Amino acid sequence: MSQEIKLTTPLTTEDVEKLRIGDKVLLNGVLFTGRDAAHKRLFDLIQDGKKLPIDIKGQVIYYVGPTPAKPGKPIGSAGPTTSYRMDPYSPKLIELGLKGMIGKGNRSQVVVDVMKQFKAVYFGATGGAGALIAKRIKKAEIVAYPDLGPEAIRRLEVEDFPVTVINDTKGNDLYVEGMRQYAEE
Amino acid sequence: MTREIPAQEIIKVVKDLCIDANYNLGNDVLLAFDRAIENEKSETARDVLRELKENARIAREEKAPICQDCGLAVVFMEIGQDVHITGSDLKVAINEGVRQGYEQGYLRKSACNPITRKNTGDNTPAIIHLEIVPGDKIRIIVAPKGGGSENMSRVTMLTPAAGMEGVKDFVVNRVKESGSNPCPPTIIGIGVGGTFERSAILAKKALLRTLGERNSDPELAKIEKEILTRIKKLGIGPMGYGGTTTSLDVFLEMEPCHIASLPVAVNIQCHAARHKEAVI
């Protein structure tokens, strides 16, 4: 369970299919950021049949709204935000080829089912560890919606970005299994 | 008799407290992480707790926000009745302090219009709670509050027949239903009594206590410990990955209420339990 697996984005179906809940993964390559407002805009574009500002095939979206970067730093503190607010939008993105999402907290059953169907995974990053996680982000640039400030879509280049598999492609859930293992009543 | 305090001083103190609170996690929380690492049964959970400790160290040393959610700026102020504030309106001064603190401290601005979601741009308005007290000093507490844990908080009006058992069940169920969302290990503030809004303020104020500090009423202190034990048995663990460390502490405050009511508020605080104070 504690073995660390290194993966480089974009992820393939084979990459994500071998992951199991509780696996610790170190992500390398590119992550795209997006939270509430950016998701709504992407979703609306899809509904209207328009092209997205980023190609999400094989990509991983990180739910984060970082603090402003201090001079000389690529980004400010950058821990995950709570994921359930993205649940209404995620299934469409997964159908279009999104392979991974990074956040914290429970996903809806619909999202879990769509991940299973289209082979995608949900990773947890440690909530509140914003200063620590920022050290693994080497470069950040805004690629869409600069008007959204902290909610703009950023392209992050990461090295050994630490995450844990919460939902795998088999429909398992670490939150359910973890709690079951330690609950006393 | 009256002591004059310039608004400029309030601006400076609020600004410094906003930055201090966001960069420097309290020692009580750091010690609670250490105790939790010692007692936690799950290895995954211990790893998470070590990350949180390391994160706090980095934040302190590099003067970086502990968490990217630098919160809405909740400001509690106890103003001595012999104080005369000069030079500006008090609320204008508090908001100016918040504006400067969030700008100069590179803190994230998270205040927005509830419907259009347009960001106000400077993290104002602050959430201000004023109290007039005896004396000629001002005590200012800045407690930035993140959205993730605040979203899991609730107020309910129980029937009086529900009694203390009803209060305990409501709190434990709330923590259980919140699961991984509020970034456990959490701290639980409970307000019992008063009115609808008073219970919520009591719950928020309870979160300002130092970890380990029990209610001065031995009966209520016992209930705090009992609720903490029940929460531990839920097995949620740090980040919800499973484990025995779900909450670091439970604080309960109680006041008289209406003969028809039993208001209960649960305010959930993530492990980034930020609050700093100063006295002018």
Side-chain angles (χ1 to χ4, degrees), chain A residues 1-2 21-24 33 35-37 40 64-71 73 75-85 103-107 124-135 147-151 162 164-166 173-185, chain B residues 22-23 41-45 47-48 51-52 54-70 103 105-110 117 119 121 146-149 151-152 176 178-184 230 232-244 246 270-272:
Chain A
M1 188 155 155
S2 275
I21 58 166
D23 282 348
K24 291 187 175 174
T33 74
R35 43 175 292 159
D36 309 52
K40 184 170 183 343
V64 60
T67 60
K70 282 191 170 178
K73 302 262 184 183
I75 200 163
S77 293
T81 193
T82 320
S83 307
Y84 69 85
R85 299 191 311 268
K104 67 174 177 85
N106 298 305
R107 306 311 301 265
T126 300
L132 179 79
I133 292 172
K135 291 199 148 324
D147 59 300
L148 294 179
E151 296 204 52
T164 302
V165 179
I166 306 290
D173 189 323
L174 176 65
Y175 293 137
V176 175
E177 294 307 318
M179 192 169 164
R180 186 175 295 156
Q181 200 178 340
Y182 291 94
E184 285 180 46
E185 56 186 24
Chain B
N22 272 294
Y23 290 178
K41 287 183 187 163
S42 153
E43 193 192 324
T44 306
D47 284 347
V48 170
E51 274 185 56
L52 298 181
E54 174 66 2
N55 181 67
R57 185 190 65 76
I58 294 170
R60 183 178 293 266
E61 284 177 9
E62 299 192 1
K63 300 192 191 311
I66 299 159
C67 177
Q68 76 291 336
D69 184 350
C70 303
E103 192 54 43
Y106 293 88
L107 306 179
R108 198 183 77 186
K109 292 86 182 167
S110 305
R117 313 305 297 175
N119 201 298
S149 57
N151 282 346
M152 295 298 115
K176 187 176 181 182
S178 300
S180 54
N181 290 331
C183 281
R230 281 182 61 183
K232 186 177 168 183
K233 288 180 180 167
L234 293 175
I236 294 169
M239 285 306 122
Y241 297 167
T244 49
T246 299
C270 61
H271 55 77

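Nothing here was measured: the structure is a model prediction, and the numbers come from that model. Order of the sequence lines fixes the chain letters, A, B, ..., with proteins taken first and strands second; residue numbering starts at 1 for each chain.
- Under the 3.5 Å distance criterion, the side-chain polar atoms of Arg108(B) are left unmatched by any main-chain donor or acceptor of Pro150(A).
- Contacts between Pro66(A) and chain B at a heavy-atom distance below 4.5 Å involve the backbone alone (N, CA, C, O).
- For Leu52(B), the part lying near chain A is the side chain, with the backbone staying farther off; criterion is any non-hydrogen pair under 4.5 Å.
- The candidate from Pro238(B), Pro184(B), Gly147(B), Gly243(B) with the greatest count of non-hydrogen atom pairs under 4.5 Å with chain A is Gly243(B).
- A distance-only check finds a donor-acceptor pair linking the side chain of Lys104(A) to the backbone of Asn181(B) [under 3.5 Å].
- Taking OH of Tyr182(A) as the start and NZ of Lys232(B) as the end, the distance is 13.0 Å to the nearest 0.5 Å.
- Note on Ser42(B), Gly237(B), Gly121(B): by heavy-atom pairs under 4.5 Å with chain A, the leading option is Ser42(B).
- Among Ile236(B), Thr244(B), Ile66(B), Val48(B), the residue making the largest number of heavy-atom pairs under 4.5 Å with chain A is Ile66(B).
- In this structure, the portion of Ala69(A) lying under 4.5 Å from any heavy atom of chain B is its backbone and not its side chain.
- For the set Ser77(A), Gly105(A), Gly130(A), the count of heavy-atom pairs under 4.5 angstrom toward chain B peaks at Ser77(A).
- Contact check on Arg117(B) versus Asp36(A) returns no salt bridge, with no Lys/Arg side-chain nitrogen under 4.0 Å from an Asp/Glu carboxylate oxygen.
- In terms of heavy-atom pairs under 4.5 angstrom with chain A, the leader among Cys67(B), Ala59(B), Pro65(B) is Pro65(B).
- For chain B, the nearby parts of Ala129(A) are the backbone and the side chain; heavy atoms of each come within less than 4.5 Å.
- With chain B as partner, the option from Lys135(A), Arg180(A), Glu177(A) having the largest number of non-hydrogen pairs under 4.5 angstrom is Lys135(A).
- For the atom pair Asp147(A) CG and Asn119(B) CG, the distance stands at 11.5 Å (nearest 0.5 Å).
- A donor-acceptor distance shorter than 3.5 angstrom exists from the side chain of Gln68(B) to the backbone of Gly79(A), with no hydrogens or angles considered.
- In this view, Arg57(B) and Glu54(B), Glu61(B) satisfy the salt bridge (Lys or Arg N to Asp or Glu O under 4.0 Å) rule, not counting sequence neighbours.
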*What's the verdict on side chain to side chain contact (heavy atoms under 4.5 Å, CB included) for Asn151(B) and Tyr84(A), showing C-alpha distance, side-chain angles and the deciding distance?*
CA-CA 11 Å; Asn151(B) 282 346; Tyr84(A) 69 85; 3.7 Å; yes

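- Distance check, rounded to the nearest 0.5 Å: OG1 of Thr126(A) to CG of Asn55(B) gives 9.0 Å.
- Heavy-atom distances place the side chain of Ile166(A), and not its backbone, under 4.5 Å from chain B.
- Take Lys70(A) and apply the salt bridge (Lys or Arg N to Asp or Glu O under 4.0 Å) test, not counting sequence neighbours, and it matches no residue.
- If you measure heavy-atom distances from Cys70(B) to chain A, the contacts under 4.5 Å come from the side chain alone.
- For a residue to count as touching a neighbouring chain, one of its non-hydrogen atoms must lie under 4.5 Å from one of that chain's; by this rule Ala64(B) touches chain A with backbone and side chain alike.
- At a threshold of 4.0 Å, the pair Lys73(A)-Glu62(B) counts as salt-bridged, since one of the basic side-chain nitrogens sits closer than that to a carboxylate oxygen.
- Taking both residues in full, the closest heavy atoms of Tyr106(B) and Pro71(A) are given as OH-CD, 3.2 Å, listed atom of the first, atom of the second, then distance.
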*Apply the test side chain to side chain contact (heavy atoms under 4.5 Å, CB included) to residues Ser180(B) and Asn106(A): give CA-CA distance (whole Å), side-chain angles for both, the deciding distance (0.1 Å), then the verdict.*
CA-CA 7 Å; Ser180(B) 54; Asn106(A) 298 305; 3.8 Å; yes

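- Counting all heavy atoms, side chain and backbone alike, Gly148(B) lies closest to Thr82(A) at CA-OG1, 3.8 Å.
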